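Step one of this worksheet: look at the structure below.
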Amino acid sequence: CFWCLEGPLERIPGVGDVLAGYTGGDEEHPTYRQIGRGNTGHVEAVRVVYDPAQVSYAEIVDAFMRNIDPTQNDGQFCDRGTQYRSIIFVANAEERAIAEAALQKARETLGRTVATEIRDAKPFWVAEDYHQDYYRTHAAQYTQYRNACGRDQRLEEIWGATPAH
């Protein structure tokens, strides 16, 4: 769910913006309705705009990992389907190495198989305006959704202390 990643990632010093969108498939200019059907090959994703002088790619990947269930292979929390699976999209060999190290660290920390994938970056399509900063613009609905999914409880089960959201 891209909604649940915006807040934690935007709070990292050096991150300028986190955009909700879609990537991974071949459909051009996909819509939320198309993505929801689960047959476009796209996933809900975020694009993180950051200042590498203030925050590293590795720190962002670590924050991403701490805000997902990397062991879930059929979506994330109560969002089920291929459009919700966790994937780290990388732009180059350096990012791939960082992502691989993060997945290895998760396997060692959790002592479990990690389902999160690593893929080469594909075109990113910005989601509709109402999805941007949803945790702020629809705070009550977002909080209800997050609680109903049991997201924070599951994150605490997996990682220990619940990350800020």
Side-chain angles (χ1 to χ4, degrees), residues 1-28 30 35 38 40-127 131-135 146 149 151-152 154-165:
C1 164
F2 44 33
W3 295 343
C4 295
L5 290 170
E6 287 180 302
L9 296 177
E10 285 181 350
R11 283 191 266 295
I12 299 171
V15 170
D17 198 8
V18 178
L19 298 168
Y22 318 109
T23 192
D26 295 322
E27 180 90 23
E28 293 190 7
I35 298 301
T40 64
H42 286 292
V43 294
E44 287 191 4
V46 293
R47 172 182 282 165
V48 181
V49 179
Y50 67 99
D51 178 353
Q54 294 184 346
V55 62
S56 70
Y57 180 76
E59 290 170 304
I60 293 168
V61 170
D62 183 58
F64 166 76
M65 293 298 293
R66 300 274 307 178
N67 281 279
I68 65 165
D69 178 349
T71 67
Q72 190 174 354
N73 65 2
D74 62 345
Q76 281 294 291
F77 306 95
C78 64
D79 293 321
R80 302 301 169 105
T82 59
Q83 69 273 33
Y84 299 113
R85 66 194 182 279
S86 62
I87 302 172
I88 300 171
F89 289 95
V90 297
N92 54 49
E94 180 182 1
E95 288 183 1
R96 180 173 293 280
I98 290 167
E100 288 172 352
L103 295 187
Q104 181 59 35
K105 179 180 173 185
R107 281 189 287 274
E108 291 170 2
T109 300
L110 303 175
R112 297 186 58 196
T113 300
V114 169
T116 301
E117 301 173 42
I118 300 171
R119 292 196 188 168
D120 291 334
K122 291 187 85 167
F124 179 86
W125 306 97
V126 177
H131 290 296
Q132 307 306 321
D133 296 317
Y134 193 87
Y135 74 100
R146 189 175 180 105
C149 281
R151 188 179 186 97
D152 295 320
R154 179 66 182 142
L155 287 174
E156 190 165 348
E157 287 172 17
I158 298 167
W159 298 109
T162 304
H165 58 273

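Predicted model, so just to flag it, every value in this text is computed and none were measured.
Side-chain atoms of Glu95 do not come within 3.5 Å of backbone N or O of Val90 as any donor-acceptor pair. The closest donor-acceptor contact from the side chain of His42 to the backbone of Gly25 lies under 3.5 Å.
Annotation for Asn67 and Phe77: closest pair O-CE1, 4.3 Å, computed over non-hydrogen atoms. Of all non-hydrogen atoms in Arg47 and Phe124, the two that sit nearest each other are NH2-CB, 3.0 Å. The nearest pair of heavy atoms linking Ile68 to Ile158 is O-CD1, 4.4 Å. Across all their heavy atoms, Phe2 and Ala127 have their closest contact at CE2-CB, 4.0 Å.
The residues Asp152 and Arg146 are annotated as salt-bridged, a charged nitrogen and a carboxylate oxygen being separated by less than 4.0 angstrom.
Between Glu100 and Gln104, the side chains place no donor N or O within less than 3.5 Å of an acceptor N or O (distance only, hydrogens not considered). Side-chain contact check for Gln83 and Tyr22: no donor-acceptor pair (N or O, by modelled atom type) lies under 3.5 Å.
Asp69 pairs by the side chain to side chain donor-acceptor pair (under 3.5 Å) definition with Thr71, Arg154, not counting sequence neighbours.
Taken from OG1 in Thr23 to NZ in Lys122, the straight-line distance is 7.5 Å, to the nearest 0.5 Å.
Within the structure, the salt bridge (Lys or Arg N to Asp or Glu O under 4.0 Å) test picks out the following pairs touching residues 54-63 (sequence neighbours left out): Asp62-Lys105.
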